[in-house]
Amino acid sequence: MVYAKDIATTVIEEKNDGKWLEDYKEVAPPSLNNRQLLIVEDDNDVREFLVNELRSYFEVVDVTNGEEAWRQIQDQRPDIILSDVAMPVMNGFELTQRIKKDASLSDIPVVLLTALTDDLKRERGFHVGADDYIQKPFSVRTLVARLSQLLEQRDKLRNVYSAVEAAPVVAVIKDERDKKFLTTLDSWIYSHMTDPTLNVDELARSLGFGRSSFYRKVNTLTGMTPNNYIRRIRMEKSKELLEETNLTISEVAYKTGFNSAFYFSKIFEDYYGMSPSHFRNGPKEK
């Protein structure tokens with residue numbers, strides 16, 4: 001069994017190392033304290049130790065088992081989860097599997113914390129969808145760096161998605177569950193492209209989500225609100241029609257869900273920095 005004092009020894013040695021602060025600055029992004037970390041740990045000493053060490057870097061919420069964690073996750077979606085494996089009621093494997101099977105939550109990074117050294121058990125953790133596996137006793141410096149890296153990777157992907165001229169979101173998604181969600185989302189939007197009344201509530205219901213969970217899922221994966229994501233797809237389609245067809249601007253507007261050609265032209269110009277007619281007749285900006 002690994003006790004908090006065993007972990008603490010590593011931390012004290014690290015902090016006595018004169019390069020602790022200097023080294024950490026190189027691996028940790030500066031603004032983590034607005035990110036919520038959910039710690040799931042049944043050992044009171046270890047949980048208290050983790051909370052005390054990590055609250056300097058994250059907004060920390062802690063619970064004692066997987067069932068409590070599941071309720072907390074649904075009530076207040078954390079940015080990242082650090083969970084022990086061996087726990088009563090619901091263990092870390094079961095919690096991870098439940099999270100990763102839920103389309104509205106599967107993008108949340110989950111790091112499993114365990115004293116287990118069995119490779120088969122480690123493989124099970126990855127099989128149920130864990131993003132990383134850290135063995136006790138561990139270096140807190142390494143733990144914070146890894147949590148930070150997972151959040152930073154998610155942020156970088158969101159920045160790619162939200163760029164106007166970025167590749168299609170689904171093309172850069174690596175997680176198969178998230179890829180399936182976005183493929184379904186894009187397909188639904190394209191099939192309803194001409195409907196000017198298309199709205200987020202209808203879209204969320206069609207995909208089996210509540211409004212708030214759908215909003216969080218789309219925002220987490222794309223960095224955009226659902227309405228802005230819908231508009232992005234409309235704009236990309238309108239640009240494609242202007243480039244590749246002889247449709248009039250009014251026809252392009254109607255085919256992309258705008259009742260008014262004037263309003264369409266205004267939105268297009270706000271989005272691309274030029275009017276649809278200028279875009280079609282003038283030099284194309286790539």
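Counting begins at 1 with the first residue of the sequence.
Considering only heavy atoms from C-beta on, Leu54 comes within 4.5 Å of Leu143 through its side chain. The shortest side-chain heavy-atom distance between Leu151 and Asp79 falls under the 4.5 Å cut-off. The shortest side-chain heavy-atom distance between Met224 and Val218 does not fall under the 4.5 Å cut-off. Side chains of Leu113 and Leu50 form a contact here, defined as non-hydrogen atoms less than 4.5 Å apart. Using a 4.5 Å heavy-atom cutoff, the side chains of Leu38 and Gln72 are in contact. Between Ser275 and Ser265 there is no side-chain heavy-atom pair separated by less than 4.5 Å. Looking at Phe58 and Ile39, their side chains never come closer than 4.5 Å, going by heavy atoms from C-beta outward. The closest side-chain heavy-atom distance from Met193 to Lys237 is below 4.5 Å.
Under a 3.5 Å cut-off, the side chain of Lys255 and the backbone N or O of Leu247 do not form any donor-acceptor pair. Put simply, the side chain of Arg234 gets close to the backbone of Thr256: a donor and an acceptor are under 3.5 Å apart. Side-chain N or O atoms of Arg280 include none that pairs as donor or acceptor with a backbone N or O of Glu243 at under 3.5 Å. Formation of a donor-acceptor pair under 3.5 Å by the Ser148 side chain with backbone atoms of Val144 is found in this model. Not one N or O on the side chain of His278 forms a donor-acceptor pair closer than 3.5 Å with the backbone of Met274. Side-chain N or O atoms of Ser187 include none that pairs as donor or acceptor with a backbone N or O of Thr184 at under 3.5 Å.
The same ILVMFWY cluster, assembled from side-chain heavy atoms under 4.5 Å apart, contains both Met90 and Met87. Tyr190 and Leu203 fall within a single hydrophobic cluster, where Ile, Leu, Val, Met, Phe, Trp and Tyr are joined by side-chain heavy atoms under 4.5 Å apart, directly or via other members. No continuous path of hydrophobic side-chain contacts links Leu185 to Tyr215 [ILVMFWY only; heavy atoms under 4.5 Å].
Taking each heavy atom of Tyr254 and Asn259 in turn, the nearest pair found is CE2-O, 3.0 Å. Shown here for Gly92 and Leu112, the closest heavy-atom pair between the two residues is O-CD2, 3.9 Å. Listed here is the closest heavy atom pair of Arg211 and Asp201: NH1-OD1, 2.5 Å. Scanning both residues, Ala130 and Thr96, for their nearest heavy atoms gives N-CG2, 3.6 Å. For Asn65 against Pro88, the heavy-atom pair with the smallest separation is CB-O, 3.4 Å. Looking at every heavy atom in both residues, Ser277 comes nearest to Ile249 through N-CD1, 3.6 Å.
To the nearest 0.5 Å, the span separating CZ on Arg141 from CD on Glu53 amounts to 12.5 Å. Between the CZ atom of Arg47 and the CG atom of Leu82 there is a distance of 12.5 Å, given to the nearest 0.5 Å. Rounded to the nearest 0.5 Å, atoms OG1 (Thr220) and CD1 (Ile108) are 7.5 Å apart. Rounding to the nearest 0.5 angstrom, the gap separating the CZ atom in Arg98 from the NZ atom in Lys101 is 10.5 Å. How far CZ of Arg146 is from CD1 of Ile80: 8.5 Å, rounded to the nearest 0.5 Å. In this structure, Glu152 CD and Arg35 CZ are separated by 9.5 Å, a value rounded to the nearest 0.5 Å.
A salt bridge does not link Arg205 to Glu202: none of the charged side-chain nitrogens sits closer than 4.0 Å to a carboxylate oxygen. Residues Asp270 and Lys266 are paired through a salt bridge, judged by an N-O separation under 4.0 Å between the basic side chain and the carboxylate. Between Asp107 and Arg216, none of the side-chain N atoms (NZ, or NE/NH1/NH2) sits under 4.0 Å from a carboxylate O, so this pair counts as no salt bridge.
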Query raised in the report: Going through the distances and angles, do Asp84 and Asp42 end up as a side-chain contact (heavy atoms from CB on, under 4.5 Å)?
Result: CA-CA 8 Å; Asp84 190 21; Asp42 65 311; 3.3 Å; yes
Report task. Decide side-chain contact (heavy atoms from CB on, under 4.5 Å) for Asn34 and Glu59; before the verdict, give the C-alpha distance in whole Å, the side-chain angles of both, and the deciding distance to 0.1 Å. Result -> CA-CA 6 Å; Asn34 64 336; Glu59 175 192 331; over 6 Å; no
Query raised in the report: Between Val111 and Ile81, does a side-chain contact (heavy atoms from CB on, under 4.5 Å) hold up when you go through it step by step?
Result: CA-CA 6 Å; Val111 176; Ile81 298 165; over 6 Å; no
Query - Verdict with reasoning, Gln76 to Gln36, per side-chain contact (heavy atoms from CB on, under 4.5 Å) - result: CA-CA 9 Å; Gln76 188 175 4; Gln36 186 180 104; 3.1 Å; yes
Report task. Tell me, with the steps shown, if Thr225 and Asn227 meet side chain to side chain donor-acceptor pair (under 3.5 Å). Result -> CA-CA 5 Å; Thr225 66; Asn227 278 325; 5.5 Å; no
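Neither side chain, Asn228 nor Arg231, offers a donor N or O lying under 3.5 Å from an acceptor on the other. Side-chain contact of Tyr229 with Asp186: a donor-acceptor pair under 3.5 Å is present, judged by distance alone. In this structure, a donor-acceptor pair under 3.5 Å is present between the side chains of Glu68 and Thr64. With no hydrogens or angles considered, no side-chain donor-acceptor pair links Arg77 and Ser213 at under 3.5 Å. Of the N and O atoms on the side chains of Ser250 and Thr248, not one donor lies less than 3.5 Å from an acceptor on the other residue.
Judged as a ring pair (Phe, Tyr, Trp, His ring centres under 6.0 Å), and not counting sequence neighbours, the contacts of Phe209 are Phe181, Phe214. Checked against side-chain hydrogen bond (donor to acceptor under 3.5 Å, both in side chains), Glu67 has the following partners two or more places apart in sequence or in another chain: Arg71.
Checked options Val63, Ile99, Val89, Val40; the residue passing with Trp70 is Ile99 (criterion: side chain to side chain contact (heavy atoms under 4.5 Å, CB included)).
In this pair, Tyr272 and Phe268 present their aromatic rings tilted. The plane angle is within the 30 to 60° band.
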